[in-house]
Amino acid sequence: MWPHLLHLPEEILLLLFSYLDTQALGRLAQVCRKLQHFTSKDAVWRKIAKKCLNSGFVQQGTDVASWISVKERVRVSQNWKNGRCRRNILLKWKRNLMPWIHLDGNILYLSQAEKISAYKLCSNSNGVHRQPFAVFLDHREDVCRFVLNNSHIISGGGDGRIAIHKVHSAFSIHFTAHDQDVNCVDCHRGIIVSGSRDRTAKVWSLTPSRDGHCLHTIQTDDRVWSVAINPILSSFITGTACCGHTSPLRIWDLQSGALMTCLGTDFKRGAGVLDVRYETPYTLLSCGYDTFIRYWDLRTSTRRCVKEWEEPHDSALYCMQSDGNHMIASGSAYYGVVRLWDKRMNQCLHSFSLSSPTSSPVYCLQFNTRHLYAALASALHVLDFTTGDSLFKAL
């Protein structure tokens, strides 16, 4: 039987094997070397991977982690699903800070007080080189947030400044952007959007001839905690403190600065939005002080979110990240709690407490298909999901 099967065209074999699950493919790989080789092909596992958590495939089907075999990603995905990982502390510092991080391949950028440091991750990504290979300084007070875009680091600080550094050169500029703290920034295709405690959001140009030129100043009548630019560059969204306006989520036209729409109608006073992220031009996620993660689809309704998940311990949610498909990771306000969520489920999938018995918020988190990095008040933690050993179990 098997020789006849192996004589079939490859496209027929791929069609047949596409109906098999993970267990069946694993058993098939044990039959002979030829089948073992064939069942290691990415095409065999792609259909399964698209249904897995954090396997590197986004909703549109794009593979964003193509340098790792799909079979390996499906294997590691089972550890994300089951909460199996190893915990390690990569860096510690002596005083409590409000750090922010950004993961770019094998480089991790970390803000500590007024500086941003770039660290190379070790080859297995379980560790980090102790000394940063680059340090970016242009703020007189703490960096609030920063983003990496097109080899530029754009940061906002407590001094009201925006600083722009080119990663691979000595080029840097800074300018006064707001009267108070620049709480948040985002950048896309040469456009910067910033938000501040001074109750304004501003749109800036990043083009060489107009760096630091303000295109629009928008009065939000509320402190701005988070901003995000639409991927197609048509608009941007602000997440505010929900003290001076009925909705903390408002979408503005990027060309004119005019208000386009508000999201939601039933927010309570003080339900500020601390993090907001677009997944596609029409879908986005938000979280904040009212303990909910909300998933919005602008094609269906702006009055109500499509789905929401509540933090089970009634903690504010400081940050979140999505894999662009099924998984969300969130960081809570107390005890360094990181939670994993499956969008197809109503309850939290797994929880990990990183700072017990002392308490610290998770100020920022980033993950790839293998590791999750979380920045707390006095340490940078990593959860390694490549191992099947449950040395650090979910709560």
Side-chain angles (χ1 to χ4, degrees), residues 88-178 180-188 190 192-196 204 206 208 211-212 227 275 318-319 321 331 336 354 360-368 371-382:
N88 190 21
I89 297 177
L90 297 182
L91 296 169
K92 286 185 177 182
W93 43 91
K94 292 183 179 180
R95 62 191 179 102
N96 287 346
L97 302 172
M98 298 174 66
W100 196 255
I101 58 175
H102 186 93
L103 186 62
D104 182 36
N106 67 336
I107 299 174
L108 189 139
Y109 296 87
L110 167 69
S111 69
Q112 296 169 290
E114 71 283 354
K115 67 180 181 180
I116 300 172
S117 302
Y119 294 89
K120 286 187 177 180
L121 299 172
C122 297
S123 57
N124 59 7
S125 295
N126 289 328
V128 66
H129 294 278
R130 305 297 295 179
Q131 294 299 320
F133 70 88
V135 177
F136 305 95
L137 288 164
D138 249 334
H139 289 283
R140 292 173 294 191
E141 295 184 27
D142 289 5
V143 174
C144 297
R145 289 195 185 182
F146 68 91
V147 293
L148 185 68
N149 183 266
N150 195 24
S151 299
H152 288 80
I153 296 175
I154 300 95
S155 58
D159 53 5
R161 288 181 174 183
I162 289 177
I164 303 171
H165 296 272
K166 198 161 186 177
V167 173
H168 303 296
S169 75
F171 170 83
S172 69
I173 64 169
H174 63 268
F175 52 89
T176 299
H178 291 270
Q180 297 184 43
D181 306 22
V182 181
N183 290 326
C184 49
V185 290
D186 196 14
C187 181
H188 192 55
I192 300 172
V193 175
S194 61
S196 171
W204 309 84
L206 187 56
D211 281 341
V227 295
D275 203 0
Y318 273 46
C319 58
Q321 187 189 347
L354 302 181
S360 165
V362 178
Y363 288 108
C364 186
L365 58 79
Q366 293 268 285
F367 63 79
N368 52 32
H371 301 86
L372 185 148
Y373 301 88
L376 277 62
S378 60
L380 175 66
H381 297 253
V382 61

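Side chains included, hydrogens not; waters and symmetry mates left out as well; all remaining heavy atoms used.
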Quick check for you: to the nearest 0.5 Å, what is the distance between [X] atom [atom1] and [Y] atom [atom2]?
| X | Y | atom1 | atom2 | answer |
| --- | --- | --- | --- | --- |
| Ile192 | Ile154 | CD1 | CD1 | 5.0 Å |
| His129 | Ile107 | NE2 | CD1 | 10.5 Å |
| His165 | Ile173 | NE2 | CD1 | 9.5 Å |
| Cys184 | Phe146 | SG | CZ | 14.5 Å |
| Leu103 | Leu121 | CG | CG | 6.5 Å |
| Leu110 | Gln366 | CG | CD | 11.5 Å |

Residue pair [X] / [Y], side-chain heavy-atom distance below 4.5 Å:
| X | Y | result |
| --- | --- | --- |
| Tyr373 | Val382 | yes |
| Val227 | Val185 | no |
| Ile116 | Val143 | yes |
| Arg161 | Arg140 | yes |
| Val128 | Leu108 | no |

Show me the pairs that pass side chain to side chain donor-acceptor pair (under 3.5 Å) and involve residues 97-111, at least two apart or across chains. none
Any pair with a residue in residues 141-157 that passes side chain to side chain donor-acceptor pair (under 3.5 Å), sequence neighbours left out, goes on the list, sorted by first then second residue, please. His139-Ser155
Taking Trp93's backbone N and O only, do any of them form a donor-acceptor pair with Ser378's side chain (distance below 3.5 Å, no angle check)?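 No, Ser378 side chain to Trp93 backbone: no donor-acceptor pair under 3.5 Å.
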The residue among Asp159, Ile162, Asp138 that forms side chain to side chain contact (heavy atoms under 4.5 Å, CB included) with His174 is Asp138
Pick from Asn88, Ile89, Ile101: which one makes a side chain to side chain contact (heavy atoms under 4.5 Å, CB included) with Leu380?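 One option only clears the test, and that one is Ile101.
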Might you point out which heavy atoms bring [X] and [Y] nearest each other, and give the distance in Å?
| X | Y | result |
| --- | --- | --- |
| Val182 | Cys144 | O-CB, 3.2 Å |
| Ser196 | Asp181 | OG-O, 2.7 Å |
| His381 | Leu354 | CE1-O, 3.3 Å |
| Phe175 | Ile164 | CE2-CD1, 4.1 Å |
| Cys319 | Asp275 | CA-OD2, 3.5 Å |
| Pro99 | Ala375 | CG-CB, 3.7 Å |

Sequence neighbours excluded, which residues qualify as side-chain contact (heavy atoms from CB on, under 4.5 Å) partners of Ser117?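 Applying side-chain contact (heavy atoms from CB on, under 4.5 Å) to Ser117 gives Gln112, Lys115, Tyr119, Pro132, Val135.
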For Ile153 and Phe136, what are the C-alpha separation, side-chain angles and deciding distance, and is it a side chain to side chain contact (heavy atoms under 4.5 Å, CB included)? CA-CA 9 Å; Ile153 296 175; Phe136 305 95; 3.5 Å; yes
Geometric cation-pi criterion Lys166 and Phe171, 6.0 Å radius, 45° cone: no
